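Input: a single structure, listed below in C-alpha cells.
Worth saying up front: this structure is predicted, and the values here are computed from it rather than measured.
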Amino acid sequence: MDYHLFTLSNGLRVVFKPEALPIAHACIVINAGTRDESTDQYGIAHFTEHLIFKKTNKRSTNQILNRLELVGADLNAYTTKEYTCIHASFLNEHLSRTLDLFEDIVFHSTFPENEIEKEKGIILDEIASYQDSPEDAIADDFEDLIYTGHELGHNILGEEKSLIGLGKKDFENFAKDYYQPENMVIGITGNYSYNKVKKIVERYYGELTNHKSNQKRTAPLASSPNKLILDRPINQVHYMMGGIGYSMHDSKKTGLMVLNNMLGGMGMSSRLNLEIREKHGIAYTIESNYTTYSDTGIFSVYFGTETDKMEKAHKLVLKEFKKLRDKKLSPVQLKQSKNKFIGQIALGEENRIALIIAMAKNIIDYGEVETLPKIYERINRVTAEDIWDISNEILDPNNLNSLVFQPDLDENL
C-alpha cells in the first residue's frame with residue numbers, strides 16, 4: 001500500500017494515498033469521542049458534530065450544505081466513543097473546495113443558539129427512534145453494562161437530561177479542547193501528486209494554532225460479570241452475551257479477530273450461523289462482534305429469537321464456545337479460518353472512503369498505517385494454540401455478561 005505521511009508545523013498529520021481514479025475521498029478524523037465527555041455533558045461529542053454543519057464565521061447552513069452538493073459530492077460525519085470523523089467523496093477536481101470546507105466547519109463554527117435549540121429536538125427524536133430498534137439499542141446498553149461507571153459506558157447519542165442543559169459555551173469549550181490540529185489526522189486519496197496535496201493542505205491548515213487540551217483517558221477496571229433482563233414492548237427476545245476483550249494494542253488482538261470471524265463474523269458459514277440458524281432454525285440473526293478501543297475491547301454475541309426458544313439458543317451458543325475451549329483447531333480448520341478472514345479484509349479494501357478513514361485512524365492509534373501485508377502476516381502467525389488459549393479466556397462462561405430484552409407481556413395484552 002503506497003502512501004505518503006507528512007506533518008505540518010502545528011502538529012496536524014496528513015496521510016495521502018495516490019489513486020488513478022476519477023473519484024477522490026477525504027476525511028478529518030479527530031481523536032475525540034463520547035469517552036471524552038464529562039458526566040454532566042453526555043452526548044456533547046455527537047451534538048458538536050451535528051452543529052459544525054450549521055454556521056461558521058463566513059458560511060450559513062445552506063452555504064455549508066450546498067458547497068459540495070452543488071458539485072455532486074457527498075458530505076457526511078459520524079461520532080464514535082473515541083473519534084469524530086468528517087468525510088466526503090467528490091470528483092478529483094474539487095479537492096481544494098472540500099478541504100476549504102472541512103477547515104471552515106471544524107475550526108470556525110459559531111454554534112448559534114437558535115440552531116442549538118433546533119438540533120436538540122432532532123437528536124431527541126433520534127434517541128427515540130433508536131430505542132424503537134431493539135437490535136441496535138441492546139448493543140449500546142450492553143456496552144453500558146460492561147463499562148458501568150466508566151466513560152465508555154454511556155450511549156453516543158447522550159441522555160435527554162444532559163442534552164437539554166447544553167448551551168453555546170459548552171460547545172465552544174468542547175471544540176476548543178479537542179478540535180485541535182495536533183489532535184487530528186487528514187486522510188486523502190485521489191489522482192493527485194504528493195506536492196499538490198501538500199500545497200493545498202498547507203494553504204488551508206498551515207496557519208492554524210493549537211490550544212492546550214484537557215483530554216484525559218483512563219482504562220476501565222475489571223468487574224464481576226452481570227446479568228440483566230429487561231422488559232420491552234417487543235415481540236421477540238433480543239439477547240447479548242460477552243465481556244471484556246483485548247485493546248487495539250494487545251498482542252492477542254489478532255487471534256481474537258480470527259476467532260470472532262470464525263465464530264460469528266461476516267458471511268453465512270460462521271459456526272454460530274450454521275448451528276443456530278441453519279441447523280436448528282431458531283434465530284434469523286446471530287452474530288459475534290469484537291470492538292477494540294485504545295485501552296480495552298469488548299467481545300459479544302447477539303441473537304434474536306422467540307421467547308420459548310431463547311434458552312435453547314443460549315445453550316447452543318455455549319456449546320459452540322465449549323467446543324473451542326475443549327479442542328484445538330485442526331491445521332485445516334485454522335488455515336480455512338485465516339484464508340476466509342484475509343479474503344474478507346482484501347474485499348473490504350475496495351471501499352475507498354472506508355480505506356482512507358481507516359488509514360487516518362491508524363495514524364492516530366499507531367502512528368503509522370497498518371498495511372495489508374503487515375495485517376496478513378499477523379493473521380498468518382496466529383496458531384491453533386493461540387485460538388485455544390484465547391477461547392478459554394474470552395469464552396469462559398464464568399466471565400460472560402448477559403443482557404436480555406424480553407417482551408413485556410402486560411404491554412402486549
Side-chain angles (χ1 to χ4, degrees), residues 133-143 145-146 225-243 245 255-291 298-330 332-341 343-344 384 387-388 390-409 411-412:
S133 178
E135 61 270 27
D136 294 326
I138 196 171
D140 270 327
D141 287 358
F142 186 72
E143 286 211 3
L145 180 68
I146 296 291
N226 293 306
K227 182 173 183 178
L228 186 61
I229 300 176
L230 300 174
D231 291 338
R232 291 285 188 267
I234 52 180
N235 295 315
Q236 70 165 8
V237 168
H238 297 267
Y239 199 117
M240 287 202 77
M241 57 194 298
L256 183 51
M257 291 171 69
V258 174
L259 172 62
N260 171 67
N261 192 63
M262 173 179 59
L263 187 61
M266 292 175 58
M268 303 295 287
S269 62
S270 71
R271 289 189 171 208
L272 289 176
N273 193 75
L274 290 176
E275 181 69 15
I276 284 81
R277 174 175 171 159
E278 298 301 328
K279 182 177 179 180
H280 291 275
I282 57 175
Y284 176 74
T285 300
I286 180 159
E287 61 189 19
S288 64
N289 291 284
Y290 171 38
T291 302
I298 187 167
F299 171 83
S300 64
V301 169
Y302 162 81
F303 65 82
T305 189
E306 301 302 318
T307 304
D308 60 348
K309 299 173 183 173
M310 179 188 73
E311 198 57 42
K312 182 176 181 180
H314 177 240
K315 288 180 178 179
L316 288 172
V317 172
L318 293 179
K319 181 181 176 183
E320 290 303 310
F321 286 3
K322 190 173 187 301
K323 288 179 184 177
L324 290 164
R325 297 198 323 274
D326 288 349
K327 187 177 180 181
K328 296 176 187 176
L329 296 178
S330 70
V332 172
Q333 289 173 321
L334 181 62
K335 184 174 179 58
Q336 288 175 339
S337 298
K338 290 179 180 180
N339 288 343
K340 176 185 175 183
F341 193 33
Q344 289 171 345
I387 299 293
W388 184 65
I390 292 169
S391 296
N392 276 281
E393 182 178 356
I394 301 297
L395 306 183
D396 184 345
N398 296 316
N399 296 332
L400 297 177
N401 299 262
S402 62
L403 175 62
V404 183
F405 287 178
Q406 66 180 10
D408 186 338
L409 297 180
E411 188 77 22
N412 292 331

Test log, rule side chain to side chain contact (heavy atoms under 4.5 Å, CB included), inputs Asp231 and Gln406:
CA-CA 5 Å; Asp231 291 338; Gln406 66 180 10; 2.8 Å; yes

Fill in: Steps toward side chain to side chain contact (heavy atoms under 4.5 Å, CB included) verdict (Ile390, Glu393)
CA-CA 5 Å; Ile390 292 169; Glu393 182 178 356; 5.7 Å; no

Apply the test side chain to side chain contact (heavy atoms under 4.5 Å, CB included) to residues Ile282 and Ile276: give CA-CA distance (whole Å), side-chain angles for both, the deciding distance (0.1 Å), then the verdict.
CA-CA 6 Å; Ile282 57 175; Ile276 284 81; 3.9 Å; yes

Going through the distances and angles, do Phe405 and Asp141 end up as a side chain to side chain contact (heavy atoms under 4.5 Å, CB included)?
-> CA-CA 10 Å; Phe405 287 178; Asp141 287 358; 3.3 Å; yes

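Residues Leu324 and Trp388 approach most closely at O-CD1, 3.6 Å, considering heavy atoms. Taking both residues in full, the closest heavy atoms of Lys227 and Ser402 are given as CG-OG, 2.9 Å, listed atom of the first, atom of the second, then distance. Residues His280 and Leu316 share a closest heavy-atom pair of CD2-CD1, 3.6 Å. The minimum heavy-atom distance between Arg232 and Leu230, with the atom names listed, is NH2-CD1, 3.5 Å. When all heavy atoms are compared, the tightest approach of Leu272 to Ile286 is O-CG2, 3.8 Å. Of all the heavy atoms in Phe303 and Ala283, the pair that sits closest is CB-CB, 4.5 Å.
Here the CE-CD distance, from Met240 to Glu287, works out to 8.0 Å after rounding to the nearest 0.5 Å. For the atom pair CG (Leu400) and CG (Asn226), the distance works out to 12.0 Å, reported to the nearest 0.5 Å. Atoms CG and CG, on Asp140 and Leu403 in that order, are 11.0 Å from each other to the nearest 0.5 Å. From Glu143, atom CD reaches atom CD1 of Ile298 across 4.5 Å, with rounding to the nearest 0.5 Å. Here NZ of Lys328 is found 12.0 Å from CD1 of Ile387. Values are rounded to the nearest 0.5 Å.
Using a 4.5 Å heavy-atom threshold, the side chains of Val317 and Tyr239 count as separate. Contact check for Tyr290 versus Ile394: no side-chain heavy atoms found under the 4.5 Å cut-off. Contact check for Val404 versus Met310: side-chain heavy atoms found under the 4.5 Å cut-off. At least one side-chain heavy atom of Met241 sits less than 4.5 Å from a side-chain heavy atom of Leu318. At a threshold of 4.5 Å between non-hydrogen side-chain atoms, the residues Leu259 and Phe299 do not count as touching.
There is a side-chain donor-acceptor pair under 3.5 Å between Asn260 and Ser288.
For the pair Asp408 (side chain) and Pro233 (backbone), a donor-acceptor distance under 3.5 Å is absent. In terms of modelled atom types and a separation under 3.5 Å, the side chain of Arg325 and the main chain of Ser391 share no donor-acceptor contact. At distances below 3.5 Å, not a single donor-acceptor pair connects side-chain atoms of Asn261 with backbone N or O atoms of Ser337.
Residue pairs that meet the salt bridge (Lys or Arg N to Asp or Glu O under 4.0 Å) test with at least one member in residues 312-324, sequence neighbours left out, are Glu320-Lys323, Lys322-Asp326. Within the structure, no pair that satisfies the salt bridge (Lys or Arg N to Asp or Glu O under 4.0 Å) test touches residues 260-274, not counting sequence neighbours.
Between Tyr302 and His238, the ring-plane angle classifies as parallel under the 30° and 60° cut-offs.
Under the side chain to side chain donor-acceptor pair (under 3.5 Å) test applied with Ser269, the options Lys340, Glu278, Gln336 reduce to a single match, Lys340.
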